[in-house]
Q: 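Quick one: the structure is below, questions incoming.
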Amino acid sequence: MLEALTYSAQLWKHFAMSWQMALEYLRTLVWPAVVLALGFTFRKQLASLFGRVESVETPLGTVAFEKQADAVAQEAAEIGSEMASELAAAETVHPEVEDAETPEIPSRELQQIARPQYSGSDFSDLFELAETETTAAVMAAWREVERALKAAAAKHGVARVSPESLYNIGLLSGELARSVEDLRSLRNRVVQEGDILLTKSGARSYITAAQSIVEALELAQDSRFQALQYERSVFRAMGRAGLRAEPGYRDDEFDAYGETPTGTKVAVEVRFRRRGALQMRDIEKLVSKLSSLSENVLVVTNAPLPEKVREFNRTYDAQPRFEVVQWQGDEDTALLARAIGRLSG
């Protein structure tokens, strides 16, 4: 009997311990189960909350914004520096290029070309604003870019203000147009997506990019730079029209010299005008050089040809031959080809 009672006591003790262990296991597992159940029940709300926490607290959006703004600033600055260098080099090669609309630049002023100053806005105010109001500073910087684009479009008679429209008239290079679009995209991220913790350094990078773009746009509107771009376009068009020319560095100071497929040598003079027609006095100055030339002469201009110049084209019948043609773009290359053909014949 005693043995039976002892066995029963041991069995009950074992059962109590097992039940206690089971309770401990349940207590251990209950909270993960509750968390999983709650997570499943409120999964949409939690996803939204975690999304907001991630977008606000993670620095990834901020870092990406600042790096992209830095990249745009660097690219725009390089574009502006390259434009200024090209212009300074062109002024050195052709120091006495005569243009009624754009007087010659004294050599002591050439170094100023590298840093054009945008008179329409003081970007230093925006850098100060970025110390306290980063978003407002970015918005203001983009408005300055928009204002510069609108001013350029109005100045050149372009109705639709966009980087593409200014690119189509040759005012913006492809690289500069892309920089403007990149800056617009960054601005849109700040306004629309709301995933940016805009730091002071990020705002400063954006303002720097905007300033570089505005200065490059201002330089692109410089009549001297436009003349340089026009001259390059003319040389490419002449190559397509049958006259491959190289820049000239002779004492008679024509812009280029080339040879037609028939072997006829041609001296080329490019005359760019922002406004007004090519005057007969311009032609007479060039005709005065013919006595020292063996080449025929081709004058290419973007300006309209008045009746006196057209009459000169029709009646001039001396050697060397002399042709004046208006070229404003690829649509006029056929006219350029016909003028080259007449010089070759």
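These numbers come from a predicted model, not from an experiment. What's counted below: heavy atoms across the whole structure, side chains too, no hydrogens, waters or symmetry copies.
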Q: If you round to the nearest 0.5 Å, how far is CG of L166 from CG of L176?
A: 9.5 Å
Q: Does a side-chain heavy-atom distance below 4.5 Å link L228 with F272?
A: no
Q: Is the side chain of D222 donor-acceptor paired with the backbone N or O of L219 at a distance under 3.5 Å, no angle test?
A: no
Q: Taking F322 as the fixed residue, which of L343, D317, I283 is the one that meets the side-chain contact (heavy atoms from CB on, under 4.5 Å) rule?
A: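 Among the candidates, only I283 passes.
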Q: If I compare all heavy atoms of Q326 with all of L335, which pair ends up nearest, and what's the gap?
A: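 The answer is O-CD1, 4.2 Å.
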Q: Measure the spacing between CD of Q229 and CZ of R224 and express it to the nearest 0.5 Å.
A: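 The distance works out to 14.0 Å.
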Q: Taking CZ in R240 as the centre, count heavy atoms belonging to other residues, nucleotides or ligands within less than 6.0 Å. Is the count above 12?
A: yes
Q: Apply side-chain contact (heavy atoms from CB on, under 4.5 Å) to V268 and L243, showing your working.
A: CA-CA 10 Å; V268 180; L243 176 63; 4.1 Å; yes
Q: Under a 4.0 Å N-O cut-off, is there an ion pair linking R184 with E181?
A: yes
Q: Is a donor on one side and an acceptor on the other found under 3.5 Å between the side chain of T301 and the backbone of R271?
A: yes
Q: Does any N or O in the side chain of S344 come within less than 3.5 Å of the main-chain N or O of T260, such that one atom is a donor and the other an acceptor?
A: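 Flag not set: sc S344 to bb T260 has no pair under 3.5 Å.
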Q: Show the nearest heavy-atom pair for residues R321 and N296, with the distance to one decimal.
A: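 Taking R321 first and N296 second, the nearest heavy atoms are N-OD1, 2.8 Å.
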Q: For the pair E323 (side chain) and L298 (backbone), establish whether a donor and an acceptor sit closer than 3.5 Å, ignoring hydrogens and angles.
A: no
Q: Checking salt bridge (Lys or Arg N to Asp or Glu O under 4.0 Å) for the pair R143/E146: CA distance, chi angles, key distance, verdict?
A: CA-CA 5 Å; R143 284 196 295 272; E146 284 188 316; over 6 Å; no
Q: Within the side chain of Y167, is there an N or O that forms a donor-acceptor pair under 3.5 Å with the backbone of R178?
A: no
Q: Is it the case that the side chain of D255 and the backbone of V270 share a donor-acceptor pair, with hydrogens and angles ignored and the cut-off at 3.5 Å?
A: yes
Q: When you look at CD of E246, are more than 12 heavy atoms from neighbouring residues, nucleotides or ligands closer to it than 6.0 Å?
A: no
Q: Please walk me through it: do V180 and L183 pass side-chain contact (heavy atoms from CB on, under 4.5 Å)?
A: CA-CA 5 Å; V180 174; L183 205 67; 5.8 Å; no
Q: Any side-chain heavy atom of K308 within less than 4.5 Å of one from E311?
A: no
Q: I want to check something: taking the side chain as every heavy atom from C-beta on, are E82 and S85 in contact at a cut-off of under 4.5 Å?
A: no
Q: Are M238 and F235 side-chain neighbours, meaning at least one heavy-atom pair lies under 4.5 Å?
A: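 Contact flag for M238/F235 side chains = yes.
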Q: Measuring from K155:NZ to Q221:CD, what's the distance to the nearest 0.5 Å?
A: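 Atom-to-atom, K155:NZ and Q221:CD are 5.0 Å apart.
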Q: Considering non-hydrogen atoms only, spot the tightest contact between F254 and L293 and give its length.
A: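 It is CE1-CD1, 3.5 Å.
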Q: Side-chain heavy atoms under 4.5 angstrom apart, residues restricted to Ile, Leu, Val, Met, Phe, Trp, Tyr: same cluster for L129 and I207?
A: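 No, L129 and I207 fall in different hydrophobic clusters.
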Q: Taking all atoms of both residues into account, what is the closest heavy-atom pair of D70 and S205, and its distance?
A: OD1-OG, 2.6 Å
Q: Assign the ring pair F65 / Y206 to parallel, tilted or perpendicular, where the plane angle (0 to 90°) is split at 30° and 60°.
A: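 Ring orientation of F65 relative to Y206: parallel.
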Q: Where do E78 and E175 land on the side-chain contact (heavy atoms from CB on, under 4.5 Å) test, with the steps shown first?
A: CA-CA 10 Å; E78 289 175 355; E175 293 81 3; over 6 Å; no
Q: Work out which heavy atom in E75 is nearest to a heavy atom in D182; give both atom names and the distance.
A: OE1-OD2, 4.5 Å
Q: Run R147 and E144 through salt bridge (Lys or Arg N to Asp or Glu O under 4.0 Å) and show every step you take.
A: CA-CA 5 Å; R147 186 166 72 170; E144 294 304 331; 2.9 Å; yes
Q: Can you check whether T208 reaches F123 side chain to side chain, under 4.5 Å on heavy atoms?
A: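 Counting from C-beta outward, T208 and F123 never come under 4.5 Å.
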Q: Given side chains that start at C-beta, do those of V72 and I213 come closer than 4.5 Å, heavy atoms only?
A: yes
Q: Just how far is it from atom CD of Q226 to atom CG of N302, taken to the nearest 0.5 Å?
A: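 Answer rounded to 0.5 Å: 9.5 Å.
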Q: Using modelled atom types and a 3.5 Å cut-off, is there a donor and acceptor pairing between side-chain atoms of R187 and backbone atoms of V138?
A: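 Looks like no, no N/O pair under 3.5 Å.
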Q: If you compare all heavy atoms of V309 against all heavy atoms of L278, which two are closest, and at what distance to 0.1 Å?
A: CG2-O, 3.7 Å
Q: Yes or no on side-chain contact (heavy atoms from CB on, under 4.5 Å) for I340 and V266, after CA distance, side-chain angles and deciding distance?
A: CA-CA 9 Å; I340 294 171; V266 179; 6.0 Å; no
Q: Rounded to the nearest 0.5 Å, what's the gap from NZ on K265 to OG on S294? Could you check?
A: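 Here the interatomic distance stands at 7.5 Å.
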Q: Can you tell whether the side chains of K289 and E295 come within less than 4.0 Å, N to carboxylate O?
A: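 So K289 does not pair with E295 through a salt bridge.
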Q: What is the distance from atom CG of L198 to atom CD of E133, rounded to the nearest 0.5 Å?
A: 11.0 Å
Q: Taking the side chain as everything from C-beta on, heavy atoms only, tell me whether M139 gets closer than 4.5 Å to V191.
A: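 SC-SC contact between M139 and V191 confirmed.
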Q: Y230 versus V234: any side-chain heavy-atom pair under 4.5 Å?
A: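 Yes; the side chains approach each other to less than 4.5 Å.
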